[in-house]
Each structure stands twice: as C-alpha cells, then as structure tokens.
Peer 1: 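Below are the structure tokens for one structure; questions will follow.
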Amino acid sequence: MDVESCNLSGNADAVEFCPHRPFRHVLAAATYTLQEQAGEEQQQQQDRVGTVSLFSVDAGAEDESRRLRLLHTVETAGVFDMKWSPSAPLLAQADAHGRLVLRRLEHEDGSDEGVVLTDVVAGNISSSMCLYVDWNQNADSLAVALSDGSLSVVPMREDRLEVSEQWTAHQYEVWTCYFDRARPHLLYSGSDDCSFGCWDLRESPSNAVFRNKKTHTMGVCCIAQNPLEENMLLTGSYDEFLRVWDMRSMMKPVDEKSLNLGGGVWRLKYHPNIPDIVLAACMHNGFAIVKAGAGDATIMETYCKHESLAYGADWQTSEAAEHNTDSSVIATCSFYDRLLRVWQPENLVNHPTS
C-alpha cells in the first residue's frame, strides 16, 4: 500500500531510517549527481555532488501532508552510502570525494518537531571514492569500501577519523563491506571482481579467511547476516541472484540456496522484527520482499512503482511494527527519476515476529 512519495533534488541512491528513539520517525535520503562544470579555458570538468535530506515519516497520519515531510537538507559531496551507528543517532557517510563524514541527529532549538544534522568529524580516507560504509556492533570502528579495490578500517573518534588499516582486498571496486555481528574481528567484502571474501582484523595486514571467486558470475553488491542465526549470510550480486550461505565452516562457506530476483541485487535489509524477512533492491526490477530461511528462499511480494534503477531500501523501526507486522513501513528510492517512496507491504499480515 502506497503511503506517500516525493522527488529529491538529485539522483537518489540511499535511504536509512534512524533506529534510535526518539528519532525513529526520521528517514535520511541521500543523492549522488554527476555535475558538469566549466573550468579554466571553458574546459568541462565533472564534480560529484550530493545531499542528505531528513524526512519525518508517519504512515498512519490521517493528514496526508504529514505522512512524509522534509525537515532538513545538507549539501555535500556525492553520497554512495550512509549508515546509522548501532548505538547512537550518528550518521556515517561514504562519499565520492574519498571522505568519511559523521553527523549527529539532534532536535533543533529544543523543539520536538524540528531536527537537524550537525557535523561531528570528517576524515580523508582515500584519493579513491568511498563506496560503502559499515559500523561494527560496538560502534567503535567503521569499515569503508573503496573504488580502487581497497578496504579501510577507521576507529570511531569524535575528534578525528584516521585509517588504522588499509589493504588491497580486491582487483576492482569493492561495492560492499560488512562486519560480522557476532564476531566483530571478521569483515566480509564483495567486489566487482565477482569475489566474496572475509578478513580477520586481528591480523595485520588483514589476512583472507576465505575468498570465493567461483559462485557469483558478476560483481558482489551487498551482504547481510541473519539477526538471529549468525551462521546464515546473504549475498546479492549483479548476476541477479540472492544467495543464502551456511557459514559454519568459515574457511569454506556453503552456498545453500540461490534465488533469481530478476535484477541486480544492490541492497539487502533484514526486517527489524522478523528474522527471516528481507527487503531487496533489485536495480532494473524494482524491489522485492523475500523470505530467506535455512536452505530456502522465496519471493513474498514485489514492488515495481519506481521508473528507474532501484537502489535505496530500508525498513522503519517502530513500536507498532514490533507487535503488528501489518504496520511495517518501507522507504525506497530510485536513481535517475529521483523518486522517494514510502509504502507498506501487503503480505506480512500475521507473520510471527521475533
């Protein structure tokens, strides 16, 4: 069921609901736009510019104008990815200028209604572009995936961000990196070189625990871990398959099940309350809600009301959804049409929550 929609000022590529009280109504939406600029002697130069916009989302509001309201916008470099800290309303941004930026979500002037993002700290990570960012579960370290094939680990500090470790992990762009939620010394990565790997951060330089080059036939775009079953991992790829992995043999994980979603699988997000339900952004084929259990994966619902590349997707964490899956709320965005949509799935009614 559609709730509301709007157009952003640039090409939309990421959406992230804040998971922390009292900001669970706040949605961050990011853009990345390639801009032509006239340089010296009128030569055309390109710059990658972006925005991070905050919206208030209230899917149940009777007044339609209050269902999706723009609250605040920050102009920035082109944003490839962003993530909220697992412990505080702190938003990490990976951008096209090779920077990692942290901003804090705060109430504006003591108001419960207005919110703003305030700059905390920024760090130059690389001369290459920062494509993806992830927090470890302790929120004391971040990992950044880079366009030159490298991975960076950055200790969380509010006074400065400096790379503690950086190594060449892949041959081409690293599209995703993901801290193991139960074993924070393990960092997974996926790349345009079609490989899916794991790194032990207790080693320096980081050693590969495994590197799978055979399973994916195109680039690996995203990784997600089942919140209740730590040995179940999902990968998504340009080859259009979501894959379910059994990680009990860490040296040689087993590809248990694959499901063709009809488009490159760019993002995977587990439902905050239902451990086997996953939201997938499928690039040329819209969005899908998938039930991904041990040894099985099935499509429950698709959403194809975007006219362009399906990139950003997230679930809203809310008290209502914790007790009633019929209250689940989703935000999605698509790239060239700059469209942000908020909607509610139709097929999660009476599905048991965790």
Side-chain angles (χ1 to χ4, degrees), residues 1-33 49-76 78-85 88-95 101-109 111-119 133 267 269 271-272 279 281 287 303 305-321 327-345:
M1 180 182 74
D2 289 317
V3 174
E4 193 53 87
S5 65
C6 71
N7 290 97
L8 302 180
S9 60
N11 299 334
D13 63 354
V15 289
E16 297 284 333
F17 274 106
C18 183
H20 303 294
R21 296 183 179 92
F23 300 113
R24 287 180 167 183
H25 64 291
V26 176
L27 172 71
T31 67
Y32 166 95
T33 305
V49 299
T51 57
V52 176
S53 297
L54 299 180
F55 290 87
S56 172
V57 174
D58 183 358
E62 292 186 9
D63 182 351
E64 292 184 6
S65 67
R66 298 189 64 82
R67 293 178 182 175
L68 180 66
R69 293 182 296 126
L70 178 63
L71 303 175
H72 179 67
T73 298
V74 175
E75 304 282 339
T76 182
V79 179
F80 280 107
D81 188 43
M82 57 184 177
K83 292 288 187 317
W84 294 102
S85 162
L90 198 64
L91 186 65
Q93 165 190 312
D95 70 34
V101 182
L102 300 185
R103 297 187 177 93
R104 180 174 285 109
L105 180 60
E106 297 177 327
H107 282 123
E108 186 178 26
D109 300 326
S111 164
D112 287 338
E113 191 78 5
V115 296
V116 294
L117 283 172
T118 58
D119 291 346
V133 61
R267 287 290 180 267
K269 296 284 186 70
H271 192 288
L279 174 63
F287 299 87
Y303 186 82
K305 295 189 177 181
H306 289 263
E307 302 293 328
S308 181
L309 289 170
Y311 272 160
D314 201 16
W315 304 90
Q316 184 177 27
T317 300
S318 70
E319 284 72 16
S327 300
S328 294
V329 175
I330 290 171
T332 50
C333 70
S334 45
F335 196 65
Y336 293 113
D337 59 0
R338 305 182 172 190
L339 184 60
L340 169 66
R341 283 187 173 275
V342 177
W343 51 284
Q344 293 185 278

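Hydrogens, waters and symmetry mates play no part in the numbers below; they use all other heavy atoms, side chains included.
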Peer 1: Side chains of Ser334 and Arg341, heavy atoms from C-beta outward: is any pair under 4.5 Å?
Peer 2: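 Not touching, per the 4.5 Å side-chain cut-off.
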Peer 1: What is the minimum heavy-atom distance between Val329 and Gln344, and which atoms define it?
Peer 2: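 Nearest pair, atom of Val329 first, then Gln344: CG2-NE2, 3.9 Å.
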Peer 1: Heavy-atom distance under 4.5 Å between the side chains of Leu27 and Glu16, does that happen here?
Peer 2: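 Not touching, per the 4.5 Å side-chain cut-off.
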Peer 1: Please report the closest heavy-atom contact between Pro345 and Ser328, naming both atoms and the distance.
Peer 2: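 In terms of heavy atoms, the two residues are closest at CD-O, 3.3 Å.
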Peer 1: Under 6.0 Å between the ring centres of His306 and Phe287?
Peer 2: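 Yes - the distance between ring centres of His306 and Phe287 falls below the 6.0 Å cut-off.
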Peer 1: Is there a donor-acceptor contact under 3.5 Å from the side chain of Arg338 to the main chain of Ser9?
Peer 2: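 Checked: pair present.
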Peer 1: Is there side-chain contact between His25 and Ser56, with at least one heavy-atom pair below 4.5 Å?
Peer 2: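 A side-chain contact under 4.5 Å exists here.
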Peer 1: Could you check Glu108, Arg104, Glu106 and say which one makes a side chain to side chain donor-acceptor pair (under 3.5 Å) with Thr118?
Peer 2: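 Running side chain to side chain donor-acceptor pair (under 3.5 Å) over Glu108, Arg104, Glu106 with Thr118 returns exactly one hit, Glu106.
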Peer 1: Quick one: does Leu54's side chain get under 4.5 Å of Leu105's, heavy atoms only?
Peer 2: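 Leu54 reaches Leu105 side chain to side chain.
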Peer 1: Does one side chain, of His72 or Ser53, offer a donor that lies under 3.5 Å from an acceptor on the other?
Peer 2: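 No - no donor-acceptor pair under 3.5 Å links their side chains.
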Peer 1: Say whether, by atom type as modelled, one donor and one acceptor occur between the side chain of Asp119 and the main chain of Leu102 under 3.5 angstrom.
Peer 2: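 Not a single qualifying donor-acceptor pair exists.
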Peer 1: Do Phe55 and Leu340 touch side chain to side chain, with heavy atoms closer than 4.5 Å?
Peer 2: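 In short, these two side chains touch, coming nearer than 4.5 Å.
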Peer 1: With no hydrogens and no angle check, is any side-chain donor or acceptor of His20 less than 3.5 Å from a backbone partner on Ala88?
Peer 2: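 Present.
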Peer 1: Just by modelled atom types, is the Gly10 backbone N or O under 3.5 Å from a matching donor or acceptor in the Thr33 side chain?
Peer 2: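 Such a contact is absent between Thr33 side chain and Gly10 backbone.
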Peer 1: Closest heavy-atom contact between Ala14 and Cys333?
Peer 2: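 In this case the closest contact between Ala14 and Cys333 is N-SG, 3.5 Å.
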Peer 1: Indicate whether any N or O donor in one side chain lies under 3.5 Å from an N or O acceptor in the other, for Gln93 and Arg103.
Peer 2: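 Indeed, the side chains of Gln93 and Arg103 share at least one donor-acceptor pair under 3.5 Å.
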Peer 1: Taking the side chain from Glu307 and the backbone from Asp337, do they hold a donor-acceptor pair closer than 3.5 Å?
Peer 2: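 No, Glu307 side chain to Asp337 backbone: no donor-acceptor pair under 3.5 Å.
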Peer 1: Locate the shortest heavy-atom distance separating Gln316 from Pro272; write the atom from each residue and the value.
Peer 2: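 That closest heavy-atom pairing would be O-CG, 4.0 Å.
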Peer 1: Donor-acceptor pair, distance only, cut-off 3.5 Å: does the side chain of Asp13 make one with the backbone of Phe335?
Peer 2: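 Not a single qualifying donor-acceptor pair exists.
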Peer 1: With a 4.0 Å cut-off, would you call Arg67 and Asp2 a salt bridge?
Peer 2: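 Salt bridge flag = no for Asp2 with Arg67.
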Peer 1: Decide yes or no for Val115 and Phe23: does some side-chain heavy atom of the first lie under 4.5 Å from some side-chain heavy atom of the second?
Peer 2: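 Val115 reaches Phe23 side chain to side chain.
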Peer 1: Between Thr73 and Thr51, do the side chains contain a donor N or O and an acceptor N or O under 3.5 Å apart?
Peer 2: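 No, because no side-chain N or O of Thr51 sits under 3.5 Å from a partner of the opposite role on Thr73.
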Peer 1: For a quick test of reading the model, state the closest non-hydrogen atom pair linking Leu339 to Cys6 and the distance between them.
Peer 2: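 Residues Leu339 and Cys6, closest heavy atoms: CD1-O, 3.5 Å.
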Peer 1: With rounding to the nearest 0.5 angstrom, report the CG to CE distance, Leu117 to Met82.
Peer 2: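 These two atoms lie 9.0 Å from each other.
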Peer 1: Measuring from atom SG of Cys18 to atom CG of Leu91, what distance do you get when rounded to the nearest 0.5 angstrom?
Peer 2: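 One finds 8.5 Å between SG of Cys18 and CG of Leu91.
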Peer 1: Between Tyr303 and Trp343 (judged by ring centroids, cut-off 6.0 Å), do the two rings come close enough to count as a pair?
Peer 2: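 Aromatic pair counts; centres sit under 6.0 Å.
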Peer 1: Looking at Ile330 and Phe17, what are the two nearest heavy atoms and their distance?
Peer 2: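 Minimum heavy-atom separation between Ile330 and Phe17: C-CE1, 4.4 Å.
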Peer 1: Decide, yes or no, whether a salt bridge links Asp314 with Lys269 under the criterion of side-chain N to carboxylate O below 4.0 Å.
Peer 2: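 Looking at Asp314 and Lys269, the cut-off is met.
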Peer 1: Going by side-chain contact (heavy atoms from CB on, under 4.5 Å), Arg267 matches just one of Asp81, Leu279, Val15. Which one?
Peer 2: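 With Arg267 as partner, Asp81, Leu279, Val15 yield a single side-chain contact (heavy atoms from CB on, under 4.5 Å), made by Asp81.
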Peer 1: Without swapping roles, check the side chain of Ser308 against the backbone of Tyr336 for a donor-acceptor pair under 3.5 Å.
Peer 2: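 Yes: the side chain of Ser308 pairs with the backbone of Tyr336.
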Peer 1: Counting C-beta onward and ignoring hydrogens, is there a side-chain heavy-atom pair between Val79 and Val52 closer than 4.5 Å?
Peer 2: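 Side chain of Val79 against side chain of Val52, heavy atoms only: contact under 4.5 Å found.
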